[in-house]
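A short worksheet on the structure shown next.
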Number of protein chains: 4
Amino acid sequence: MKKTKPKYMQIIDAAVIVIAENGYHQAQVSKIAKQAGVADGTIYLYFKNKEDILISLFEEKMGSFIEEIDQMIAGKGTATEKLLMMIEAHFNLLSADHHLAIVTQLELRQSNKDLRLRINDVLKGYLKVIDKIIIEGKESDEFSSDLDVRLARQMIFGTIDETATSWVMNEEKYEITKLASPVHRLLINGFRSR
Amino acid sequence: MKKTKPKYMQIIDAAVIVIAENGYHQAQVSKIAKQAGVADGTIYLYFKNKEDILISLFEEKMGSFIEEIDQMIAGKGTATEKLLMMIEAHFNLLSADHHLAIVTQLELRQSNKDLRLRINDVLKGYLKVIDKIIIEGKESDEFSSDLDVRLARQMIFGTIDETATSWVMNEEKYEITKLASPVHRLLINGFRSR
Amino acid sequence: MKKTKPKYMQIIDAAVIVIAENGYHQAQVSKIAKQAGVADGTIYLYFKNKEDILISLFEEKMGSFIEEIDQMIAGKGTATEKLLMMIEAHFNLLSADHHLAIVTQLELRQSNKDLRLRINDVLKGYLKVIDKIIIEGKESDEFSSDLDVRLARQMIFGTIDETATSWVMNEEKYEITKLASPVHRLLINGFRSR
Amino acid sequence: MKKTKPKYMQIIDAAVIVIAENGYHQAQVSKIAKQAGVADGTIYLYFKNKEDILISLFEEKMGSFIEEIDQMIAGKGTATEKLLMMIEAHFNLLSADHHLAIVTQLELRQSNKDLRLRINDVLKGYLKVIDKIIIEGKESDEFSSDLDVRLARQMIFGTIDETATSWVMNEEKYEITKLASPVHRLLINGFRSR
DNA sequence: CATGAATGAGGCTTCATTCAT
DNA sequence: CATGAATGAAGCCTCATTCAT
């Protein structure tokens, strides 16, 4: 509904820019409104409150990304190949959108516990995709049959996330996209049945 | 110096409890003072400002932990064994101190960028310990000679951190200490030369 | 700009009253807001901070006074007559506004060095007006040709200021406006060429 | 009594230095104590409270100055000569003690109304000396018989004070002692019977 | 739909003073 | 006499949200 109105995405995109350039705690509603070219009050016609902007931001940006991933890896290829595709897609996304990388890896983590719980809800979709790959890998005997799915998922997500955060913190001095393959190899090595 | 005065640690311990029980943004100085059993102003005889309490908290708790780890793994054992000791020590620390686990895994991450940079300085000591183990493992041929140290470090740290955060977020429903061994095995599998 | 908005002067007038009645150090922002009939936060829509209220107060009240004086004495009359007009205008201003007299002669002097420097900037305009009169008097030979302008200025300003301060400190028990003429005579006697 | 103890003057001298170098509002009791080489608490063995230090400071420094003046001008000379001696003594005092000049002309004026009233009590002794000179001058017919004593006193004090304050504000760039004679001449011109 | 002026709660920090040693 | 660690009251300012226009 609201989401089809042009100002909805306009405000979210403004929020990404403002947060990336000013930091989470300096991203006042009035600043986002000015960046979006609307009045402060207009924000509240599209979002319940400030937290709602941030949740929606994460849902729109990461939610659509997760769906893409899900479709991208549907059917074709082995679990090993799918994992590579996923990591590559993840690193490509961050590499392509400088502002979004800063916001998701650094700034949004400063949000309070409530907001982080809501963000985790969105991430659960991502974790499910990871779980699907792991289970598929175990069934196809690519991965060890006694591989603990939760641990493997935490390893994959933790490694990708830490790699991405380090890269952003180092001011993106190197090409993160080139890390997809070696990261993938390390993970697969750990999971492989032998 | 300051650190030998009993009130210094008294205030830090109070801060851990107050932050864990009320959350980062609800941890007012007055609350910490009351918990420590001192007057508000007394805090400022031992700490420059509120941020200084939090930095000191992290330095005292994690800094000493890192030193312990460093000494614990000095000399004895293979890199593989040392990595296990480190993971066990990390999980034991969090498991033994419920409040500290919440503070370091969840609450302190809400701090602003300045504080997080200072926290990262402390963590660098931890990352150095990890690096030492990795390099030792490569030299002893336990780990693959073409293992990228930075990637391996990010994999180790990311996996441990994500495992710990998930555990805290799940309200510590399971024994995280039991995860040390399987986490270790997964990591070693990934690094092993073959 | 701001200055045309009614609340701007409303807040400044409130500040004069609150400072006069409570003293400089007891003039909290919340008290000024209440006196002005606005919320505390509204103050900060019109002033950068508390100091800005006080500077603006002085600029508005004295600044406009100085401009008035400047225009009043433009052209018409001798230097001697102009000096009288100036002294009368000054005493009339204080006499007409009890609160303002207290604020400018007693309370605002308690401000810190920064604020006092800003206040001095405003006063420089007044000193320039005085200087103009002195120079004119010297040129017209009303005043001695070897009269030191700086000294004469300090004598005029010092005498007026001390007279006013004494009057306020004596709780305005006598009519200060009646002092304009004798003060003027004394000063002119001192300056006269003979 | 207390005043004969060496630490009494030690603390007052420390206060002058601390206030001159840090400003009135940055002259904390602890800073004065450190400068005096005593413990904070020791201050309160010699002074009732902080205000008492400042009043005592003014009493000791200006009080003794006023007594000196009073004796210096006793008997000898005309009123005109006495006025010159007084102005010279005043300017010499400020010129000889840089710190004291800053404290009395700039910093102590920031004190609250109560303290300033107490300071005025001390100054009354000075004003009495001035009054004596004026009355003597009127009786000897040096000054006009219809000279208003209060106005003349305010003129003398206001001029001296403004001259001194301007000199301190201009960072004492010129020799204030050289101004005694011309200031004196201007005042005498104003008062002279003719 | 859109505006933007107005609201008002809430917390970190300073520093004069005390008093047990 | 002297110390100095401890006290605790008190205020400026920010910014998410509302609502009259």
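Chain letters run A, B, ... following the sequence lines, proteins first and then strands; every chain starts at 1. Reckoned from all heavy atoms, side chains included, excluding hydrogens, waters and symmetry mates. Everything numeric in this text was worked out from a predicted model, so none of it was measured.
Under the side-chain hydrogen bond (donor to acceptor under 3.5 Å, both in side chains) criterion, A:Gln26 pairs with A:Gln28, not counting sequence neighbours. Partners of B:Glu21 according to the side-chain hydrogen bond (donor to acceptor under 3.5 Å, both in side chains) rule, which considers only residues two or more places apart in sequence or in another chain, are B:His99. Considering only residues two or more places apart in sequence or on other chains, A:Arg118 meets the side-chain hydrogen bond (donor to acceptor under 3.5 Å, both in side chains) condition with none of them. Remark: B:His25 pairs with A:His25 by the ring pair (Phe, Tyr, Trp, His ring centres under 6.0 Å) rule, at least two apart or across chains. By the salt bridge (Lys or Arg N to Asp or Glu O under 4.0 Å) test, C:Lys34 pairs with no residue at all, sequence neighbours left out. With sequence neighbours excluded, no residue satisfies side-chain hydrogen bond (donor to acceptor under 3.5 Å, both in side chains) with C:Gln35.
At E:dA5, none of the side-chain N or O atoms of C:Tyr46 fall inside 4.0 Å of OP1 or OP2 (strictly under the cut-off).
Judged purely by atom type and a 3.5 angstrom limit, A:Asn120 has no side-chain atom pairing as donor or acceptor with the backbone of A:Leu123.
Between F:dT7, E:dG8, F:dA6, one nucleotide has an atom nearer to the side chain of B:Ala39 than all others, and that is F:dT7. Distances from the side chain of C:Lys7 to the nucleotides F:dA6, E:dT3, E:dA6 place E:dA6 closest.
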Nucleotide pairing, DNA chain E (Watson-Crick or G-U, distances under 3.5 Å), in dot-bracket with [ ] and |: .||||||||||||||||||||
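Between A:Asp161 and A:Arg109 there is a salt bridge, with a side-chain nitrogen of the basic residue lying less than 4.0 Å from a carboxylate oxygen of the acidic one.
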Side chains of residues 11-19 of chain D: which donor-acceptor partners sit under 3.5 Å, not counting sequence neighbours?
unit_1	atom_1	unit_2	atom_2	d
D:Asp13	OD1	D:Lys61	NZ	3.0

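Per the geometry, CD1 belonging to C:Ile43 stands 16 Å off P belonging to E:dA5, to the nearest Å. Atom C1' of nucleotide E:dA6 and atom CZ of C:Phe47 are separated by 15 Å, given to the nearest angstrom. Between the P atom of F:dA5 and the CD1 atom of B:Ile11 lies a distance of 14 Å, rounded to the nearest Å. Counting to the nearest Å, the P atom of E:dA16 and the CG atom of D:Leu115 are 13 Å from each other.
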Let me have a per-nucleotide readout for nucleotides 11-21 of chain F, 5' to 3', with B, S or -, counting only protein heavy atoms under 4.0 Å. SSBBSSBB---
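Within the nucleic acid shown, B:Lys31 has no heavy atom closer than 4.0 Å to any nucleic acid atom.
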